[in-house]
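Taking it in order: structure first as structure tokens, then the write-up.
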Amino acid sequence: MKPIIYQVFTRLFGNKNTTRKENGSLDENGCGKMNDITLRTLKRIKELGVTHIWYTGVIRHATQTDYSANGIPVQHPQVVKGKAGSPYAITDYYDIDPDLAVDVDSRMAEFEALIERTHKAGLKVIMDFVPNHVAREYHSVCKPSGVKDLGEDDDTTKHFSVENNFYYLWGHPLDLGGLNEESAEGDPYVENPAKATGNDQFSWCPNANDWYETVKLNYGIDYCDAGGRSEHFNPIPDTWHKMTDILLFWAKKGVDGFRCDMAEMVPAAFWSWATDKVKFVYPDIKFIGEVYNPSEYRNYIHAGFDWLYDKVGMYDCVRDVICGRRRAGDITYKWQETDDIREHMLYFMENHDEQRIASDFFAGDPMKAVPGLILSALMQSNPFMLYAGQEFGERGMDKEGFSGKDGRTTIFDYWSLESIRHGYYSRKDMTDEEKRMEGIYKFILNLANEEKALREGDFFDLMYMNQHIADKQFAFMRQAGNENMLVIINFSGEHAFFDLEIPEHAIDYFGIEKKQYTVLDLLSNEEITTDVYGAHAIKMDVAPYAARIFKMKL
């Protein structure tokens with residue numbers, strides 16, 4: 001199966017509260033619960049063509065909501081971004097976020113039930129692992145007996161030690177310089193000595209653009225050595241043991257994979273050590289790495305990652321093509337750059353970090369990205385990921401609170417999305433556009449696995465013979481067994497008429513006999529009789545923001 005990953009921002013997904021007050025509290029704006037993701041909802045997601053669900057933000061993280069009545073430490077609001085807080089400022093690696101539970105004291109049992117429901121629906125579970133940094137006030141109240149807390153035995157007089165879990169800044173108190181003061185009531189946050197900030201900021205004065213709500217974890221790299229950065233991996237750093245134990249804890253609960261946040265900020269040596277230990281016990285478990293530096297891709301794959309974000313390459317290129325900043329033919333160079341590791345590259349067009357396709361900051365219209373969807377989902381056999389709401393054309397143009405009107409769906413605020421509410425909880429309210437977009441996504445994503453040639457077939461890029469269309473169109477072939485697919489994609493808003501050349505090399509590569517064939521366009525259900533694989537160019541017409549997907553039996 002070709003993996004199709006559906007990212008669910010759990011806090012938002014099941015929230016049916018339509019108040020949506022800017023900077024609203026949990027009581028005002030409500031919050032989605034794990035129990036809202038019912039078996040019926042999961043089956044609908046599976047019908048979309050999905051194979052895996054990434055539940056984002058399920059581990060307990062910093063929040064301004066008070067759960068002290070349930071034995072959960074209160075976080076200082078000055079080091080919490082937004083009322084709800086960032087899911088990447090973890091406060092307890094062994095706990096489930098209380099916002100997501102109907103019964104806070106049974107939150108772990110509710111997550112275990114969600115895993116069971118997801119598996120019953122025929123889907124696999126992916127959860128976040130945030131290895132590089134934790135919340136300023138990290139403190140585990142749910143760690144298993146005998147487990148030492150992060151920082152519990154640290155020597156705070158040392159800037160660096162392989163036995164320390166954090167980096168300390170030599171007796172200087174943290175100076176937030178008024179950052180996030182509007183959220184704080186009473187005394188300012190105190191941290192002495194200051195710890196290094198999560199985005200590798202080794203200063204006691206982080207600024208507004210730093211991840212000031214987090215602290216960096218120490219994996220045995222001294223970033224401030226007299227001679228520069230130095231590695232100290234023997235003996236094994238204490239953080240390696242603690243973080244690997246956390247992975248094993250969640251794997252034991254039935255999690256099928258981990259999406260590893262900012263994986264490249266943690267040394268590949270750790271990943272090699274940790275993934276080996278986890279996969280020895282759970283050989284089928286998957287690791288997805290958020291790695292943005294293409295020169296590091298192969299190092300992290302060698303270190304045990306199954307899939308890596310193809311953000312700087314394919315995502316950025318396809319987005320630029322959609323927005324008219326690059327030629328469609330540039331896509332060829334992007335897949336070629338990772339051709340030797342193609343099965344490891346995760347294609348996507350949206351996630352919680354990126355702007356929504358339909359936002360004013362991206363395409364402004366979800367239909368304009370349909371060519372990118374077809375390309376990303378059908379061009380190769382590697383995995384594809386979509387973000388909940390993308391399939392309905394979610395615009396992401398709300399001004400939610402800490403997250404301003406930036407074309408992204410907030411990860412910091414209590415909020416709800418009308419598109420998801422319509423699509424999964426009140427389908428009678430769906431707009432015509434939402435229905436149209438859902439139908440397109442459902443067809444393409446199911447096609448990716450239903451057709452063997454698209455699921456696992458060989459690939460041939462046709463653009464070197466078709467540079468005359470490379471500004472706005474892209475064409476390729478896939479073949480498995482006696483089934484051949486010819487895909488022609490139009491990124492233009494205008495109807496495209498052109499001659500498509502099938503190279504002699506492609507005919508030889510696939511062993512195609514030169515004769516007349518009857519081919520079926522899977523999108524329009526139109527049958528065409530043509531010498532499509534003969535000596536002549538094929539006369540093509542492709543609708544705006546659409547494609548032709550021709551299937552031929554050899």
Side-chain angles (χ1 to χ4, degrees), residues 6-38 41 44-45 55-58 61-67 75 77 80-89 97-102 104 180 182-183 185 213 350-366 386-435 437-438:
Y6 188 78
Q7 182 188 3
V8 167
F9 195 81
T10 320
R11 181 202 300 153
L12 303 182
F13 188 86
N15 189 12
K16 302 178 240 348
N17 184 319
T18 59
T19 303
R20 304 204 296 173
K21 175 185 174 183
E22 185 177 347
N23 280 314
S25 66
L26 172 65
D27 288 339
E28 291 169 324
N29 282 358
C31 182
K33 308 295 181 183
M34 293 177 286
N35 286 1
D36 292 321
I37 306 173
T38 63
T41 301
R44 187 175 293 282
I45 292 170
Y55 291 115
T56 305
V58 295
H61 57 79
T63 180
Q64 294 187 37
T65 302
D66 187 346
Y67 285 102
Q75 303 289 304
V80 181
K81 290 181 176 178
K83 286 284 194 298
S86 167
Y88 297 103
D97 195 74
D99 279 344
L100 307 179
V102 173
V104 172
N180 209 21
E182 68 278 4
S183 294
E185 294 180 7
E213 82 281 22
E350 284 190 2
N351 63 39
H352 67 280
D353 287 318
E354 308 301 339
Q355 290 166 325
R356 292 285 192 171
I357 293 163
S359 76
D360 295 347
F361 300 90
F362 190 159
D365 176 355
L386 70 156
Y387 190 22
Q390 178 181 341
E391 72 273 34
F392 305 119
E394 170 59 39
R395 297 200 66 227
M397 290 300 292
D398 298 328
K399 187 181 179 187
E400 302 99 337
F402 189 89
S403 181
K405 194 172 186 178
D406 59 2
R408 296 175 178 86
T409 294
T410 182
I411 64 169
F412 304 106
D413 305 283
Y414 294 112
W415 204 252
S416 65
L417 299 179
E418 287 292 271
S419 60
I420 292 176
R421 187 177 68 82
H422 290 172
Y424 290 101
Y425 299 104
S426 184
R427 289 185 64 84
K428 63 180 175 57
D429 295 324
M430 287 182 75
T431 66
D432 289 341
E433 183 180 75
E434 287 168 347
K435 291 174 184 176
M437 294 310 303
E438 182 189 39

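Note that the structure is predicted; figures quoted are calculated from it, not measured. Residue numbers start at 1 and run along the sequence shown.
- Annotation: salt bridge (Lys or Arg N to Asp or Glu O under 4.0 Å) contacts of Glu434 (sequence neighbours excluded): none.
- The ring pair (Phe, Tyr, Trp, His ring centres under 6.0 Å) test applied to Tyr88 returns His352, not counting sequence neighbours.
- For the pair Asp360 and Lys405, the salt-bridge criterion is not met [side-chain N within less than 4.0 Å of a carboxylate O].
- Residues satisfying the side chain to side chain contact (heavy atoms under 4.5 Å, CB included) criterion with Ser416, sequence neighbours excluded, are Asn15, Arg20.
- Between Thr56 and Asn351, the closest side-chain pair of non-hydrogen atoms is not below 4.5 Å.
- If you look at Tyr55 and Phe13, their ring centroids are not closer than 6.0 Å.
- Of the possible polar contacts, one joining the Arg11 side chain to the Ile411 backbone as a donor-acceptor pair under 3.5 Å is found.
- Looking only at distances, no side-chain donor or acceptor of Thr19 sits under 3.5 Å from a matching main-chain atom of Lys21.
- The pair Glu28-Lys83 does not count as a salt bridge, with every side-chain nitrogen at least 4.0 angstrom from each carboxylate oxygen.
- At least one side-chain heavy atom of Asp99 sits less than 4.5 Å from a side-chain heavy atom of Leu26.
- In this view, Tyr387 satisfies the ring pair (Phe, Tyr, Trp, His ring centres under 6.0 Å) rule with no residue, not counting sequence neighbours.
- In this structure, Gly423 and Arg44 approach most closely via the heavy-atom pair O-CD, 3.6 Å.
- Between Phe402 and Asn180, some side-chain heavy-atom pair lies under the 4.5 Å cut-off.
- What you find for Arg356 and Ala388 is that their closest heavy atoms are NH2-O, 2.9 Å.
- Minimum interatomic distance between Gly393 and Ala358 (heavy atoms only, all atoms of both residues): O-CB, 3.6 Å.
- Under the 4.5 Å side-chain criterion, counting only non-hydrogen atoms from C-beta, Leu100 is in contact with Val58.
- The side chain to side chain contact (heavy atoms under 4.5 Å, CB included) test applied to Ala62 returns Gln75, Val80, Ala89, Thr91, Ala135, not counting sequence neighbours.
- Residues passing the side chain to side chain donor-acceptor pair (under 3.5 Å) test with Asp365, sequence neighbours excluded: none.
- Checked by atom type and distance alone, the side chain of Tyr425 pairs as donor or acceptor with a backbone atom of Asp36 at under 3.5 Å.
- For the residue pair Arg408/Ser403, the side-chain donor-acceptor check at 3.5 Å is not satisfied.
- Annotation: side chain of Glu438 is in contact with side chain of Phe392 (closest heavy-atom distance under 4.5 Å).
- Scored by the ring pair (Phe, Tyr, Trp, His ring centres under 6.0 Å) test, His422 finds no partners at all (sequence neighbours excluded).
- For Glu418, the salt bridge (Lys or Arg N to Asp or Glu O under 4.0 Å) partners at least two apart in sequence or on another chain are Arg421.
- Contacts of Glu22 classified as salt bridge (Lys or Arg N to Asp or Glu O under 4.0 Å), with partners at least two apart in sequence or in another chain: Lys399.
- Taking the salt bridge (Lys or Arg N to Asp or Glu O under 4.0 Å) definition, one finds that Lys81 meets it with Glu213, sequence neighbours left out.
- When only modelled atom types and interatomic distance are considered, Asp27 and Tyr414 share no side-chain donor-acceptor pair under 3.5 Å.
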Check step by step if side chain to side chain contact (heavy atoms under 4.5 Å, CB included) holds for Thr409 and Trp415.
CA-CA 9 Å; Thr409 294; Trp415 204 252; over 6 Å; no
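- Nearest approach of Glu394 to Ser419, heavy atoms of both residues: OE1-OG, 2.6 Å.
- Listed by chain and number, the residues in a side chain to side chain donor-acceptor pair (under 3.5 Å) with Asp429 are Ser426 (sequence neighbours excluded).
- Looking only at side-chain heavy atoms (C-beta outward), Glu391 and Tyr6 come within less than 4.5 Å of each other.
- When atom types are taken as modelled, the side chain of Gln355 and the backbone of Asp406 share a donor-acceptor pair closer than 3.5 angstrom.
- Scored by the ring pair (Phe, Tyr, Trp, His ring centres under 6.0 Å) test, Phe9 finds no partners at all (sequence neighbours excluded).
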